[in-house]
Peer 1: 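Input: one structure, supplied below.
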Amino acid sequence: MTRSVIVGTAGHIDHGKSALVRALTGTDPDRLKEEQARGITIDLGFAHQVIGGINFAFVDVPGHERFVKNMLAGVGGIDLVVLVVAADESVMPQTREHFDICRLLHVPAGLVVLTKSDLADADTLELARLEVRELVAGSFLERAPVVPVSVRTGDGLEALRAALVDVGNRTASRAVRGATRLPIDRVFSMKGFGTVVTGTLVSGRLAVDDELAIEPGGRRAKVRGLQVHGEKRRDAVAGERSAVNLAGVEVDEISRGKALVAPGAFEPTRLADATLELLPGTKPLKHGARVRFHQGTAEILGRVALVGPLRDGDRAAAARDAHAAGAAAGGGQTKGEMPAVQPGARAFVRLRLEAPAVLARGDRYILRAYSPPMTIAGGLILDPKPPRTAIRAAAALERLKRLDFDPVAADRAAADARAIAAMLDETGVAGMPLAAVTSRAGVEPASVASRVEGLVAAQQAIRAADTVVAAGVFAHLKNAIVASLGEHHRAEPISEGMPREALREQVFAHGAPAIFDLALSELTASQSIVARDRVALATHRLALTPEEERARTAIERAYRDGGLKPPDVSAIASTAGVPPAVADRILKLLQRQKILVKVDVLLFHDDALSRLKADVSALKSGTGGAKIDVATFKERFGVTRKFAIPLLEYLDRERVTRRIGETRVVL
Ligand SMILES: Nc1nc2c(ncn2[C@@H]2O[C@H](COP(=O)(O)OP(=O)(O)OP(=O)(O)O)[C@@H](O)[C@H]2O)c(=O)[nH]1
Ligand SMILES: [Mg+2]
């Protein structure tokens with residue numbers, strides 16, 4: 001299969017981005033009438049071309065400062081940026097802004113094209129080259145090729161193709177094993193097909209007939225057809241721009257900013273904890289500032305709450321500012337200890353969004369000021385479902401330091417394990433379903449099991465069925481079971497133990513049943529408890545008071561003596577001289593111990609019933625024959641009809657007899 005590389009253009013308005021895409025692909029990415037009339041790009045444009053064996057998909061973005069929002073929707077999924085700088089104008093405001101966005105989003109690779117080289121003399125070209133070098137110094141583009149090109153004369157196009165292939169060959173492929181996720185950048189209706197969405201498949205794979213979800217909203221949709229680069233396909237993998245024909249949704253139910261995802265893999269969220277890097281040359285970012293949050297193809301309004309500095313150096317800058325702000329306010333008190341992030345500084349923040357976003361740990365995002373909407377910051381999502389705890393506390397900062405990580409590090413296992421462990425500590429008895437380990441902890445579905453196994457082996461977590469809990473929670477649960485049983489035995493010494501469900505309700509009502517069952521079986525294996533219908537401490541022995549002991553003897557004797565004509569339950573208390581409450585307890589105990597057996601509404605001594613079964617069975621070989629009816633039964637066992645009917649039915653149930661019409665056959 002040909003390798004796919006997604007190339008985004010970037011750069012100031014009118015610097016020749018669209019003209020360059022057209023020269024490379026033969027397709028004019030400006031497809032809107034208004035774009036063609038005004039000669040500017042307004043929305044994203046797309047084109048593709050195989051060059052040097054690589055399938056390049058171009059996402060052409062607008063340079064106009066008013067359309068940075070659209071640029072942001074296009075830049076999210078790119079592998080490689082072509083930073084376009086007109087040789088005759090050199091570096092301009094949106095050259096810087098687009099470059100900052102690429103840097104903050106950690107676009108992995110790129111190159112610089114000095115366009116309109118035909119309009120610049122050698123000195124002007126050299127000046128532009130110097131300014132570009134200065135701009136990208138110390139960044140991911142520091143060593144990138146800088147290629148002068150003229151689409152007018154065709155000069156440099158061959159060199160550009162060679163540079164694209166060279167850089168393209170070195171880009172890493174995307175997370176094919178990740179959960180399926182396609183941020184939607186276009187939605188339209190196609191005659192005869194219905195709803196089509198397009199976007200870059202940023203992780204996972206897609207295939208015809210897949211059942212997917214559109215988030216936020218949870219709308220289910222089925223993939224009816226698929227195209228990659230204008231070619232019909234059965235499936236698409238991460239890193240490919242795809243057009244997906246969906247069954248089951250209308251065009252007006254979807255819009256740019258939503259995402260097509262594997263059901264359950266991404267839980268939409270309005271709250272996220274993240275790192276933040278404020279661009280130098282911006283204003284300090286105040287706690288609570290209203291911002292425009294951009295991730296994937298979505299733009300969502302929200303506010304930034306500051307948790308704390310990322311480094312001690314950042315703290316110093318913050319403290320100086322707090323001091324200065326206090327002095328400026330006439331020496332008055334400043335609220336909180338960290339009123340603002342300083343330009344160029346980094347911090348841990350909590351993002352509070354005004355609408356739900358589809359986020360995963362490890363996502364990069366961009367912030368623009370609310371007004372005027374300039375790009376001011378970017379960062380990395382650390383936790384897309386943080387607990388709603390206080391954020392200005394030292395513990396909150398410690399927590400985020402524990403969650404901080406490098407998403408492109410070659411070995412993510414350690415960071416993943418740290419994150420899962422931290423999240424398990426917070427989820428407590430509820431634990432995490434394995435599916436949440438993907439969305440919240442940002443672990444690829446294929447790696448979830450091994451990450452969790454690692455934590456289990458390190459005795460940090462316990463897994464049962466599809467739930468993981470912290471090892472501490474599990475140890476606590478086992479202690480609570482033992483403590484509850486101890487208390488139960490003290491309070492009710494003649495109970496054999498607690499019913500399982502009652503015990504679970506008491507010690508683990510909000511926990512996963514599988515975890516509770518695992519605790520019971522571990523405690524059973526270590527011979528601490530005995531768990532049947534009822535759960536008891538292994539050391540538990542029934543302890544009757546002398547009064548209860550007397551009652552037990554009296555009641556048992558009454559039933560034994562009664563045989564098939566047992567005493568009346570209500571009469572028993574008075575005849576045996578036992579208080580009704582005690583009699584009641586003892587009757588229940590004797591039934592639990594299976595010394596008394598309930599037949600219909602009557603109680604019989606087990607001995608009497610055993611004897612009856614033996615006697616009836618014996619009829620088969622005796623002279624009376626193998627048949628018995630109610631009258632013979634009454635006579636033979638000396639019981640009235642009141643007892644005869646339930647007893648015969650009992651014998652049927654016990655398979656000693658079988659009823660045929662009015663008589664019974666002894667089996
Ligand atoms: N002489 C010359 N003109 C060029 C060259 N490349 C582009 N142009 C012209 O520059 C103008 C702007 O080109 P576009 O490709 O639309 O610029 P853009 O960067 O896409 O602009 P926006 O998308 O609006 O940001 C057009 O009139 C092009 O014909 C070039 O190499 N030489
Ligand atoms: Mg353009």
Side-chain angles (χ1 to χ4, degrees), residues 6-49 56-75 78 80-102 107 110-129 131-132 135 141 145-164 185-186 241 368 373-375:
I6 305 197
V7 180
T9 58
H12 198 71
I13 184 166
D14 225 24
H15 275 201
K17 297 180 291 298
S18 303
L20 191 66
V21 169
R22 186 177 172 179
L24 288 169
T25 66
T27 305
D28 184 357
D30 289 336
R31 66 210 141 80
L32 303 175
K33 271 205 192 78
E34 194 190 346
E35 291 177 321
Q36 281 157 6
R38 289 170 67 184
I40 62 164
T41 302
I42 294 168
D43 206 348
L44 302 172
F46 306 96
H48 52 86
Q49 179 69 45
F56 285 98
F58 291 87
V59 179
D60 183 42
V61 308
H64 197 297
E65 64 174 320
R66 273 189 40 222
F67 307 134
V68 172
K69 171 189 161 105
N70 293 340
M71 180 270 179
L72 279 162
V75 78
I78 66 174
L80 190 166
V81 63
V82 171
L83 182 62
V84 169
V85 181
D88 58 337
E89 275 197 358
S90 190
V91 173
M92 297 292 277
Q94 269 63 54
T95 317
R96 292 182 191 282
E97 185 168 15
H98 285 195
F99 168 66
D100 282 336
I101 288 168
C102 292
V107 169
L111 50 86
V112 182
V113 178
L114 296 176
T115 50
K116 309 193 187 182
S117 64
D118 57 296
L119 298 182
D121 59 27
D123 286 351
T124 318
L125 194 74
E126 206 41 47
L127 193 64
R129 192 191 289 272
E131 287 190 5
V132 164
L135 175 71
L141 288 181
V146 178
V147 190
V149 170
S150 165
V151 301
R152 189 70 39 95
T153 65
D155 277 352
L157 275 175
E158 236 5 87
L160 173 58
R161 287 192 189 96
L164 273 172
D185 53 34
R186 266 193 306 165
R241 272 205 60 82
R368 290 192 306 149
M374 284 179 345
T375 302

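Order of listing sets the numbers, starting from 1, for every ligand and every atom in it. Given the structure is predicted, the values throughout are model-derived calculations rather than measurements.
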Peer 1: Taking only Lys NZ, Arg NE, NH1 and NH2, and the carboxylate oxygens of Asp or Glu, determine whether R241 and D185 approach each other closer than 4.0 Å.
Peer 2: yes
Peer 1: Suppose I only count heavy atoms of I13 and a 4.0 Å limit; which atoms of ligand 1 are within that range?
Peer 2: 24 (O), 25 (O)
Peer 1: Please identify which atoms of ligand 1 are closer than 4.0 Å to at least one heavy atom of I40.
Peer 2: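 Answer, ordered by atom number: 24 (O).
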Peer 1: Output the list of atoms in ligand 1 that are nearer than 4.0 Å to some heavy atom of S150, sorted by atom number.
Peer 2: 31 (O)
Peer 1: For K116 and ligand 1, does the shortest N/O to N/O distance drop below 3.5 Å?
Peer 2: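 Yes.
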Peer 1: Nearest to atom 16 (O) of ligand 1, what protein heavy atom do you find, and at what distance?
Peer 2: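 Atom 16 (O) of ligand 1 sits closest to the protein heavy atom G39 O, 3.9 Å.
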Peer 1: How does T9 reach ligand 1, if at all, at less than 4.0 Å between non-hydrogen atoms: by side chain, backbone, both, or neither?
Peer 2: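 None of T9 does.
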Peer 1: At their closest point, which heavy atom of K17 faces which heavy atom of D14, and how far apart are they?
Peer 2: NZ-N, 4.4 Å
Peer 1: Geometry only, no angles: is G63 polar-contacting ligand 1 at N/O separations under 3.5 Å?
Peer 2: yes
Peer 1: Where is the nearest protein heavy atom to atom 13 (O) of ligand 1: which residue, which atom, and how far?
Peer 2: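 Atom 13 (O) of ligand 1 sits closest to the protein heavy atom G16 CA, 3.7 Å.
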Peer 1: Could you find the nearest protein heavy atom to atom 7 (C) of ligand 1 and give me its residue, atom name and distance?
Peer 2: A19 CB, 3.5 Å
Peer 1: So does T9 have any N/O/S atom less than 2.8 Å away from the Mg ion (ligand 2)?
Peer 2: no
Peer 1: For ligand 1, note which part of V84 has a heavy atom under 4.0 Å away: side chain, backbone, both or neither.
Peer 2: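 The answer is neither.
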Peer 1: Polar-atom distance check: S18 versus ligand 1, any N or O pair below 3.5 Å?
Peer 2: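 Yes: some nitrogen or oxygen of S18 is under 3.5 Å from one in ligand 1.
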Peer 1: Looking only at non-hydrogen atoms, find the nearest pair between F56 and L164 and report the distance.
Peer 2: CZ-O, 3.5 Å
Peer 1: Quick one: closest heavy-atom pair of L44 and N70, and the distance?
Peer 2: CD2-O, 3.2 Å
Peer 1: Residues two or more places apart in sequence or in another chain: which of them pass side-chain hydrogen bond (donor to acceptor under 3.5 Å, both in side chains) with D88?
Peer 2: none
Peer 1: Looking only at heavy atoms, which two atoms of A10 and V61 are closest? And how far apart?
Peer 2: CA-CG2, 4.2 Å
Peer 1: Any protein heavy-atom neighbour for atom 28 (C) of ligand 1 (distance below 4.0 angstrom)?
Peer 2: no
Peer 1: From H98 NE2 over to L72 CG, what is the distance, rounded to the nearest 0.5 angstrom?
Peer 2: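 Taking NE2 in H98 and CG in L72, the distance rounds to 7.5 Å.
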Peer 1: OG1/T41 to CD/Q36 distance, rounded to the nearest 0.5 angstrom?
Peer 2: 10.0 Å
Peer 1: Ignoring hydrogens and angles, state whether a donor on the side chain of D155 or S150 is under 3.5 Å from an acceptor on the partner side chain.
Peer 2: no
Peer 1: So for ligand 1, is P62 a polar contact partner (N or O within less than 3.5 Å, distance only)?
Peer 2: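 There is no such contact.
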Peer 1: Considering both backbone and side-chain atoms of K17, is one of its nitrogen or oxygen atoms within less than 3.5 Å of a nitrogen or oxygen in ligand 1?
Peer 2: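 Yes; the residue has a nitrogen or oxygen that sits under 3.5 Å from a nitrogen or oxygen of the ligand.
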Peer 1: If I take the Mg ion (ligand 2) as the centre, what angle separates the OG atom of S18 from the OG1 atom of T41? Nearest 10 degrees is fine.
Peer 2: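 Reported to 10°, the angle equals 90°.
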Peer 1: Hey, what do you get for NZ (K116) to OG1 (T124), rounding to the nearest 0.5 Å?
Peer 2: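 OG1 of T124 is found 14.0 Å from NZ of K116.
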Peer 1: Considering only the protein, which heavy-atom contact is closest to atom 3 (N) of ligand 1, and what is its distance?
Peer 2: R152 NH2, 3.3 Å
Peer 1: Heavy atoms only: give me the nearest G156-V149 pair and the separation to one decimal.
Peer 2: O-CG2, 3.6 Å
Peer 1: Measuring from I13:CD1 to E89:CD, what's the distance to the nearest 0.5 Å?
Peer 2: 10.0 Å
Peer 1: Provide, to 0.1 Å, the distance between atom 23 (O) of ligand 1 and the closest protein heavy atom, together with that atom's residue and name.
Peer 2: T41 OG1, 2.6 Å
Peer 1: Quick one: nearest non-hydrogen protein atom to atom 26 (C) of ligand 1, plus distance?
Peer 2: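 In this structure, atom 26 (C) of ligand 1 has D14 OD1, 4.7 Å as its nearest protein heavy atom.
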Peer 1: Side chain or backbone, does D60 bring an N or O within less than 3.5 Å of an N or O on ligand 1?
Peer 2: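 It does not: no N or O of D60 is found under 3.5 Å from an N or O of ligand 1.
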Peer 1: Out of curiosity, T25 OG1 to D28 CG, how far, rounded to the nearest 0.5 Å?
Peer 2: 8.5 Å
Peer 1: Taking all heavy atoms of A128 and all of L114, pick out the closest pair and write down the distance.
Peer 2: CB-CD2, 4.2 Å
Peer 1: Which atoms of ligand 1 sit under 4.0 Å from any heavy atom of L119?
Peer 2: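 Under 4.0 Å from L119, ligand 1 has these atoms: 1 (N).
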Peer 1: Tell me, which protein residue and heavy-atom name are nearest atom 31 (O) of ligand 1, and how many Å apart are they?
Peer 2: V151 N, 2.9 Å
Peer 1: Just to confirm my output: which protein heavy-atom neighbour is closest to atom 1 (N) of ligand 1, and how far is it?
Peer 2: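 Closest protein heavy atom to atom 1 (N) of ligand 1: D118 OD2, 2.9 Å.
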